[in-house]
Structure formats: structure tokens, C-alpha cells
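Working notes for the structure below.
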Number of protein chains: 2
Amino acid sequence: MLETALYVDDLLVAEKFYTSLLGLQKHSIDPKRHLFYYCGSGMLLLFQVGATNHPGLVIGGGEIPAHGAVGPGHVAFRIWASEIELWRSRLATAGVPLETEIVWPQGGHSLYFRDPSGNSLELATPQLWGFPEA
Amino acid sequence: MLETALYVDDLLVAEKFYTSLLGLQKHSIDPKRHLFYYCGSGMLLLFQVGATNHPGLVIGGGEIPAHGAVGPGHVAFRIWASEIELWRSRLATAGVPLETEIVWPQGGHSLYFRDPSGNSLELATPQLWGFPEA
């Protein structure tokens, strides 16, 4: 995936959460429309709920298509097995409740929590999907 | 990203579209709940709208958290610049309208279209985000 999108109800609150807690590297922010992060070999795009539901700017000969979902979305970030304990304490220190922790029968380990808009975020080791650790 | 999620209103229709047109490799399907695809180093998870809005199965000591957005989401798939013409004709052959095509001022080239549920899909070269081609 080159772009993964979530929708949030407050971009400045989201910025604090995704930058400070998750440690993602910010690409850019337009406080009324979007907040973009680098994430591995792709991008995590956070959009203000309702800001992209109409066709957008005309750029390079085309109009950016409308999109925009409402309600809790879901993404998972890849972590290493050796980082599980670090992430548990990082969430606790930030006062972010750990909603669920799953040790998958097929391998893999997931920590679930919510972003400030209620999106379901997961930190998971790649063995969950049969991918090797490295 | 390890997991990117979209919500669709018919998983069997989505399966035909994502498998045949996009050529993604299927991981598994539960026709009432989900359809999972491998996508590069991560997974694309398609969920039936409304099927995951309540807490889920208890697995490995934890309950899968509820999630589920409504309305058109957005993702972008990474393609190579040399594939643009191939994708244009592949969409045309499948009768999928090309909604917008953008040549980005900063570099990069995007083709936008819709999946059968109205999600905004994009095929884009990585230069769009300043990533190298290879």
C-alpha cells in the first residue's frame, strides 16, 4: 500500500497523538483538511471528517476525487516481538487504555487501543499474517 | 502499515473486483464478514459494512475490538511509472471508469477509480510522496 487513510474529528489532537505517542514522522499538515505521516514504505493519511466529501482541488489536469468515511476505521502498525513490552508501557505512560491484547493461535501478537477519534489501532507482529519477523 | 482496512457492501462482488481487476493475492474470505488480501509487505482487509461494529470473537485471551466505518474510504496502491498505460487499458477493458488522472507538480502520477462499493482507489507512483521509484 502506498496510502492508508483514516478519518479523525480533530487534526490537532490527532497530531499530538500520532506524533508523540506513535512516533510517526510527519510529512505535512493542513489543519482544516489533512495530516500526513510517513509510515515505512508508505503514507498514513489522516483526514478531517467531512473535509474531503466533495470533489477537491484541480491539480495536474485532474480533480482530486471525493472520499470520506464516518465511524471507527482500523489500521495495524507493524512492530517487532521484542517491542511488545515497550509499547505496553508507552501506552500506559500516555494514559491510553489497552483495549485488548491477543496472542494469535497461528503466531503473532497484537495490542489494540483507540486514537482520540475512536479509530481502532493495532500494533502487531508480522507473524500474525505469516510474514517473517525480519 | 501491516493492515489497511476498507469497508464494502458485498464481499463476493468485491472479491471479483479485487482479485480479477487488481490481481491481488487472496489470503482468505468469510463471505459474511471479511475478505483479506496480501498486498506487498502488508495486508488489505476488506470488511462487510456492519459486520464488525460489535466486539468480536475471543481469541488468544482477548476480544477483537469493534470497528467499522461507513461511506467511501480511500487507499492508494503503489505502481511503477512504466505501468501507467497498462493500468489505463486494464481499467478500460474491465469497464471501470477512470475518475481522475493527476500528474502531480512535485512528481508522481495517479489514476483514480472506484471499487464496486464506491471506495476511492488510487494507483500511484511513489514519486508522489518523494519516494524513489525502486
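Note that this is a predicted model, so its numbers are computed, not measured. All values below come from the heavy atoms of this structure, side chains included, with hydrogens, waters and symmetry mates left out.
Of the listed residues (A:Glu122, A:Met43, A:Glu101), the one with the most heavy-atom contacts under 4.5 Å to chain B is A:Met43. For chain B, the option among A:Gly118, A:Pro72, A:Pro105, A:Ala124 with the highest count of heavy-atom pairs below 4.5 Å is A:Pro72. Ranked by non-hydrogen atom pairs under 4.5 Å with chain A, the options B:Pro65, B:Gly61, B:Gly68 are led by B:Pro65. For the options B:Cys39, B:Gly130, B:Gly62, heavy-atom pairs under 4.5 Å to chain A are most numerous at B:Gly62. The greatest number of non-hydrogen atom pairs below 4.5 Å with chain A, out of B:Arg114, B:His109, B:His74, is found for B:His74. Highest contact tally toward chain A, considering only B:Ser110, B:Ser41, B:Ala5, B:Gly40, is held by B:Ser41 [criterion: heavy-atom pairs under 4.5 Å]. Note: B:Val75 leads B:Val75, B:Asn53, B:Thr52, B:Leu6 in heavy-atom pairs under 4.5 Å with chain A. The candidate with the highest count of non-hydrogen atom pairs below 4.5 Å against chain B, out of A:Ala76, A:Ala66, A:Pro55, is A:Ala76.
Tracing side-chain contacts under 4.5 Å through hydrophobic residues (I, L, V, M, F, W, Y), one reaches B:Trp87 starting from A:Met1; they form part of the same cluster. A chain of hydrophobic side-chain contacts below 4.5 Å, direct or via other Ile, Leu, Val, Met, Phe, Trp or Tyr residues, connects B:Phe113 to B:Ile84. If you chain together hydrophobic residues whose side chains sit under 4.5 Å apart, A:Val96 and A:Leu44 fall into the same group. One hydrophobic cluster holds both A:Val8 and A:Leu12 under the rule that ILVMFWY side chains link at heavy-atom gaps under 4.5 Å. Transitive grouping of hydrophobic side chains (ILVMFWY, heavy atoms separated by less than 4.5 Å) brings B:Leu123 and B:Tyr18 into a common cluster.
Counting only heavy atoms from C-beta outward, the side chains of A:Tyr112 and B:His67 never approach each other to under 4.5 Å. Looking at heavy atoms from C-beta onward, A:Thr100 lies out of side-chain contact with B:Ile64 at the 4.5 angstrom threshold. Contact check for A:Trp104 versus B:Ile59: side-chain heavy atoms found under the 4.5 Å cut-off.
Contact of B:Ser120 with chain A is made through the side chain alone, with heavy-atom distances under 4.5 Å. Interface remark: B:Leu45 contributes side-chain atoms only to the contact with chain A (heavy atom separation under 4.5 Å). When heavy atoms are compared at a cutoff of 4.5 Å, B:His27 approaches chain A solely by way of its side chain, counted from C-beta outward. Neither the backbone nor the side chain of B:Ser28 comes within less than 4.5 Å of any heavy atom of chain A. Only the side chain of A:Phe131 comes within less than 4.5 Å of a heavy atom in chain B; its backbone stays farther off. Proximity to chain A is limited to the side chain of B:Glu99, based on heavy atoms less than 4.5 angstrom apart.
The shortest non-hydrogen separation linking B:Ala69 to A:Ala69 is CB-CB, 3.8 Å. Shortest non-hydrogen contact noted between B:Ile102 and A:Glu63 is CD1-C, 4.3 Å. Counting all heavy atoms, side chain and backbone alike, A:Glu3 lies closest to B:Leu128 at OE2-CD2, 3.4 Å. Closest heavy-atom contact between B:Leu2 and A:Thr125: CD2-O, 3.9 Å.
Close placement of the A:Trp129 and B:Phe36 rings is indicated, their centers lying within 6.0 Å of each other.
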